[in-house]
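Index from 1, following the sequence. Just the heavy atoms: all of them, side chains too, but no hydrogens, waters or symmetry mates, feed the values below.
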Amino acid sequence: MRINKNISLSRSFFIITTTLTFSALFAIILVSTLVVNKIYNEKTSKIRSDYIKDQEKLIKYQVERTVTGVYRWFNNNDHDDLLAQKEILGHISFIRFPNRGNEPGILFVRSYKGIVLASVSTPGLIGKDVSDMTDPDGINTHELFMNIVSESKGGFADYSWFNPASGKIEKKRSYILGIPELEWYIGGGFWLDDINSVIDDEIREFKRIFNNNIWYFVLYLIILLLLILYVTYRYKRRVKNNFIRFNDFFRKSTKKYTTIDVDNLSYSEFVELADSANLMISEREKIEMKLISAMEKAKESDNLKSAFLANISHEIRTPMNGILGFAGLLKDSELSSDESSKYLEIIEESGNRMLNIINDLIDISKLETGEMSLSLSGVDINKVLKTLYHFFEPEAEAKGIKLEYITGLESNNCIIECDNDKIYAILTNLIKNAIKFTSEGKITFGYKLTGKYLDFFVRDTGVGIPKNKQDLIFERFIQGDHSLSKTYEGAGLGLAITKAYVEMLKGEIRIESEPGKETTFYFTIPYKPPAKKRNENNESSTEMKESFKNNRLKILIVEDDPSSDIYLTVVVEKIQREVLHAKTGTEAIELIEKNPDTDIILMDIKIPEIDGFETTKRIRELNKDIVIIAQTAFATDHDREMALKSGCNDYIAKPFDKTELLNIINKHL
């Protein structure tokens, strides 16, 4: 049924094309007639204009050439000599030059007073004063010529004058050029009627040729019409066949991957359409393959998520088991002091382990949401390595591993502009990994300067990583060994965070490793010394100010969690003169109204009735000088920004240790 419609379309196309062809032919004839008339008029006008311009150019050239000759003569002779002037006039009387008319062109000479000095066509006027002579139209030729000479050096003039050849007064155009030194003007002209006769002959010849060409044009137009009709008919047949092929293609492509054979198509447009259709099928096939692959990856990701959740559950439950279990054992009153200290160390270690997992999850969340930013400052790379060495040396020695570091720059060149926390985090993660996966041998870390970059390395003699897993270890929630039987703790986030930090610092990270052999992590960061070196003596000290000893503080703890309230009370015990407690925002505001001499407020953010942000804003309306420190489990940069914006002087994220909080309090005294 659709094939019949296509045939009907092709027939309709033939009819429409034929109609359009005849319409176009009629329009061409109409437009051609108008164009032909325009061309004819323009051409005849141009012939007339060109002939007159040629004649003017000829006359002008002859007059200017004659004047030049006069000047040359008088430069070589005494121009005051009347005999010389007569001789010159005699020479001018014999000058003849080609003319478009029947007679050759001749020159005439008059004085500025209107005396005819030379005139071959009317010798009877020689010596006579013609200053008052006018032509039939009332034009005084002498005044006309003098106006041209006085206004410019030369120019053309139209007037009527006696034509000796015809014996009649006829229109004449002359070129007039003055010679001021002799008070002469010389002229030469041509009869316009003579020129018109020559022009008419040229126009008649053009008209004859033009008419012949018109007939040829009509003949070609008829032939073109017949050719168009023939081509249209042929085109109709081929278009129909191409439509049939495309119809078959679309029928087949609904059930299977198929293509159109472009070699059987007649026109380039259909070939391009076929290429697009074939590309569509090819792309559809690719997309379907990608969808299948995406489904497989989604399934793999789902499995990975499940494994990650199981891993996180394991990683959190394990330290929680240590915390809760040994906290329960501490209730036993028969424990010795050594046993109690040992149990407390285990609880502290388990808490730090769980805190590391939480911190990694927060960092990954910041990286995902784009909240992670750089804080550039002067960083002493050698000091960073030395600090990390002393920090990890006890842990390495406890496993029987030798730890060493190598610096690549002298102390006067090792300060660069970088993010201190990021460089510490990168090296800390890599060294922790090295210690975790190394049971014997040594771990070496350090750097060297290569061109404009610092090349860092962390090398260990641990278990190694297979080639097929070296690209995966930088993915989130992946470890070198992520089976259920693994013997190494961790959530699999450290290397993903490390890679993200390196890239934030405009660097690259890579690994070289073989199972059972040496493993080396390399990363680079730009070597960019700061404009001014940092004064190490300005670093903040962790020691308490003497004011803690001499000036006890009145402190308000705003906290709804009993254990956190107790912990904060114990932390500030040695620096307080009085501690106030509030569990809600409303209580905190009432206490400040009653105790305006309060020095410090430790403000929790998530509290009942009024949250910490709003509570801080209302307290600031009552007291602008009181120090308010936000202490909260909300640990993102956004939370810190919100706290400072609401009016807090500083911010500390839970969990925190005693020294960290006291240092912040000390900073604001």
Considering all heavy atoms of both residues, which atom of [X] and which atom of [Y] are nearest to each other, and what is their separation?
X	Y	answer
Lys658	Tyr567	N-OH, 3.4 Å
Thr461	Glu440	OG1-O, 2.8 Å
His581	Val579	NE2-CG1, 3.4 Å
Ala582	Glu587	CA-OE1, 3.6 Å
Lys606	Asp560	O-OD1, 3.6 Å
Met603	Ile628	CB-CG2, 4.0 Å

Working to the nearest 0.5 angstrom, can you tell me the gap between [X] [atom1] and [Y] [atom2]?
X	Y	atom1	atom2	result
Asn382	Cys414	CG	SG	3.5 Å
Ile423	Leu385	CD1	CG	9.0 Å
Leu602	Leu580	CG	CG	11.0 Å
Leu376	Leu505	CG	CG	8.0 Å
Glu283	Lys290	CD	NZ	7.0 Å
Ile525	Ile426	CD1	CD1	7.0 Å

Next item on the list: Begin with the C-alpha distance, continue with both residues' side-chain angles, and end with the deciding distance and a verdict on side-chain contact (heavy atoms from CB on, under 4.5 Å) for Ile415 and Lys383.
Entry: CA-CA 9 Å; Ile415 298 177; Lys383 186 174 181 180; over 6 Å; no
Exam field: side chain [X] to backbone [Y], donor-acceptor pair closer than 3.5 Å:
X	Y	answer
Asn666	Leu662	no
Arg510	Tyr522	no
Asn413	Leu409	no
Thr616	Gly612	yes
Arg459	Thr444	no
Arg640	Ala643	no
Asn595	Asp597	no

Would you mind reporting whether [Y] and [X] have side-chain heavy atoms less than 4.5 Å apart?
X	Y	answer
Lys399	Thr438	no
Ile406	Phe457	yes
Leu553	Glu578	no
Ile629	Ile601	no
Val502	Lys499	no
Lys386	Val384	no
Glu559	Asp604	yes
Ile600	Leu556	no

Margin query: Which residue in the set Tyr453, Phe456, Phe445, Tyr447 passes ring pair (Phe, Tyr, Trp, His ring centres under 6.0 Å) when paired with Phe523?
Written below: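 Among Tyr453, Phe456, Phe445, Tyr447, the one meeting ring pair (Phe, Tyr, Trp, His ring centres under 6.0 Å) with Phe523 is Phe456.
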Next item on the list: Determine the sole option in Arg552, Lys554, Arg577 for which the side chain to side chain donor-acceptor pair (under 3.5 Å) test with Asp599 is passed.
Entry: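 So, applying the side chain to side chain donor-acceptor pair (under 3.5 Å) to Asp599 and each of Arg552, Lys554, Arg577, only Arg577 qualifies.
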Note to self: Please tell me whether Asn429 and Thr498 have a donor and an acceptor in their side chains that are separated by less than 3.5 angstrom.
What the structure shows: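 The answer is yes; a qualifying pair exists.
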Next item on the list: Before giving the answer on side chain to side chain donor-acceptor pair (under 3.5 Å), spell out for Thr524 and Asp455 the whole-Å C-alpha distance, their side-chain angles and the decisive distance to 0.1 Å.
Entry: CA-CA 5 Å; Thr524 62; Asp455 289 337; 5.0 Å; no
[X] atom [atom1]: more than 12 heavy-atom contacts under 6.0 Å:
X	atom1	value
Glu404	CD	yes
Glu508	CD	no
Lys583	NZ	no

Check: When the aromatic ring centroids of Tyr389 and Tyr405 are compared, is their separation below 6.0 Å?
Finding: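 Judged by ring-centre distance (under 6.0 Å), Tyr389 and Tyr405 do meet the cut-off.
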Notebook entry, point to check: Please walk me through it: do Lys448 and Leu454 pass side-chain contact (heavy atoms from CB on, under 4.5 Å)?
Noted result: CA-CA 6 Å; Lys448 65 179 180 178; Leu454 293 179; over 6 Å; no
Note to self: Salt bridge check, Lys617 against Glu621: does any charged N sit closer than 4.0 Å to a carboxylate O?
What the structure shows: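 Salt bridge between Glu621 and Lys617, a charged N being under 4.0 Å from a carboxylate O: no.
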Margin query: If you apply the rule side chain to side chain donor-acceptor pair (under 3.5 Å), what do you find for Glu609 with Thr586, and how did you get there?
Written below: CA-CA 7 Å; Glu609 297 182 4; Thr586 304; 2.6 Å; yes
Margin query: Go through it in stages, so that I can follow the logic: the residues are Ile381 and Val379, the test is side-chain contact (heavy atoms from CB on, under 4.5 Å), and I'd like the CA-CA distance, side-chain angles, deciding distance and then a yes or no.
Written below: CA-CA 6 Å; Ile381 299 299; Val379 179; 4.1 Å; yes
Next item on the list: Give a yes/no verdict on a cation-pi contact between Lys422 and Tyr501, requiring under 6.0 Å between NZ or CZ and the six-membered ring centre and an angle within 45° of the axis.
Entry: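 Yes, a cation-pi geometry holds between Lys422 and Tyr501.
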Next item on the list: Starting from the C-alpha separation in whole Å, work towards a yes-or-no answer on side-chain contact (heavy atoms from CB on, under 4.5 Å) for Glu593 and Leu622.
Entry: CA-CA 7 Å; Glu593 289 176 341; Leu622 302 173; 3.5 Å; yes
